[in-house]
Amino acid sequence: MNAVETGATIGGLLREFGLPRLEAESLLCSVLGCERVRLIARAEEAVDSSRARSAHARFARRRAGEPVSYITGWREFYGLALRVTPEVLIPRPETERLVELALERLPAPARVLDLGTGSGAIAIALATERPGLGIVATDVSEAVLALARRNARDHGAEIAFFLSDWFDALGPGRFDLIVANPPYVAAGDPHLERGDVRFEPRLALVGGEDGLDCIRRIVADARSRLRSGGWLLLEHGYDQKDRCVELLLELGYADVGDFQDLAGWPRVCTGRWLD
Ligand code: GLN
């Protein structure tokens with residue numbers, strides 16, 4: 001069957017499944033291997049039957065709920081195209097805020113640690129913004145680290161990756177800045193059963209009963225891992241600001257602050273360790 005027989009066109013495929021335009025475009029681009037801006041001018045163009053079938057298959061997966069990024073295999077973060085698999089959280093715009101706040105606090109030169117790096121999003125964004133940084137990134141999964149390494153290579157980011165449960169496998173040595181987007185969703189949160197989140201790894205999302213297990217551990221352990229004057233920056237849930245700020249203050253951090261994401265939710269807590 002050729003394109004004439006199937007009658008499939010770019011414009012027709014985009015309309016056919018009733019998906020939101022942007023999602024249909026991203027999925028179709030992943031089949032055609034082109035950029036989204038190109039599609040608009042090509043609405044009338046014929047699509048051969050094998051590509052039309054691939055597009056149908058991808059549209060159907062999306063209709064069944066699978067996140068677009070797991071179908072296409074990539075996501076843009078801080079202007080960088082990152083590979084993603086269902087083994088990692090899909091990088092989100094609120095985490096770009098964490099990157100911005102980290103950049104504002106980075107001395108030069110600096111040693112930086114990204115805990116639970118996943119796709120490598122935070123570490124790679126920092127590395128590409130500030131070449132020459134000494135960045136260490138950890139994760140508990142070897143498969144996840146392989147993906148993060150590949151992303152780092154794609155972007156020429158020099159990062160030392162370690163298999164480690166938070167700080168556990170790291171050697172001695174202190175950092176000027178420690179960042180993490182740890183799992184922080186409460187175990188029973190109904191949000192876990194909705195939308196794209198259903199397909200994401202629980203390990204990267206759930207932080208115990210109240211969501212704060214990992215945050216508590218990182219805030220406690222980072223004290224012996226920060227140079228005097230070094231910053232800790234953690235992403236947290238929209239309703240966890242007060243508990244995060246309290247925790248940082250209780251454990252002796254200075255310059256404690258909390259910052260909103262672009263949607264206006266409290267999202268990143270910061271504190272400074274002074275010996
Ligand atoms: N922001 C994510 C969500 O609510 C959670 C990310 C995380 O736990 N680090 O889906």
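Just so you know, ligand 1 is whichever comes first in the structure, and atom 1 is the first atom listed for that ligand. One-based numbering along the sequence shown.
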Relative to ligand 1, is L205 under 4.0 angstrom through side chain, backbone, both or neither, heavy atoms considered? both
How does L89 reach ligand 1, if at all, at less than 4.0 Å between non-hydrogen atoms: by side chain, backbone, both, or neither? side chain
Hey, are S119 and R83 close enough side-chain-wise for a donor-acceptor pair under 3.5 Å?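 No.
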W166 and D168: side-chain donor and acceptor closer than 3.5 Å?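 Judged by distance alone, the side chains do not pair up.
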Considering only protein heavy atoms, which is closest to [atom], and at what distance to one decimal place?
| atom | answer |
| --- | --- |
| atom 2 (C) of ligand 1 | R92 NE, 3.4 Å |
| atom 1 (N) of ligand 1 | Y184 OH, 2.8 Å |
| atom 3 (C) of ligand 1 | H191 NE2, 3.3 Å |

Considering P182, A186, P183, which one's heavy-atom position lies nearest to atom 9 (N) of ligand 1?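 Among P182, A186, P183, the closest heavy atom to atom 9 (N) of ligand 1 belongs to P182.
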F59: ring-ring contact (aromatic ring centres under 6.0 Å, His included) partners, not counting sequence neighbours: F17
What atoms of ligand 1 come within less than 4.0 Å of a heavy atom belonging to [X]?
| X | result |
| --- | --- |
| E94 | 1 (N) |
| V197 | 10 (O) |
| N181 | 7 (C), 9 (N) |

Less than 6.0 angstrom from the centroid, inside 45 degrees of the normal: does R225 satisfy that with respect to the ring of F167?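 Checked: cation-pi criterion not met.
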Within less than 4.0 angstrom of ligand 1, does E200 place any heavy atom?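 So E200 does not count as touching ligand 1.
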Does the residue A204 have a heavy-atom contact with ligand 1, meaning some pair of atoms that are separated by less than 4.0 Å?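 The answer is yes, since A204 has a heavy atom less than 4.0 Å from ligand 1.
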Give a yes or no on this: more than 12 heavy atoms of other residues, nucleotides or ligands lie within 6.0 Å of atom CZ of R198.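 Count over threshold, so yes.
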Donor-acceptor contact present, side-chain E96 to main-chain Y78, <3.5 Å: yes
Any chance you could lay out the salt bridge (Lys or Arg N to Asp or Glu O under 4.0 Å) test for D165 and R217, step after step, and finish with the verdict? CA-CA 11 Å; D165 187 9; R217 185 160 159 201; 3.7 Å; yes
Residue pairs passing the salt bridge (charged side-chain N to carboxylate O under 4.0 Å, His left out) test where at least one lies in residues 226-236, sequence neighbours excluded: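 Listed by first then second residue: D176-R227.
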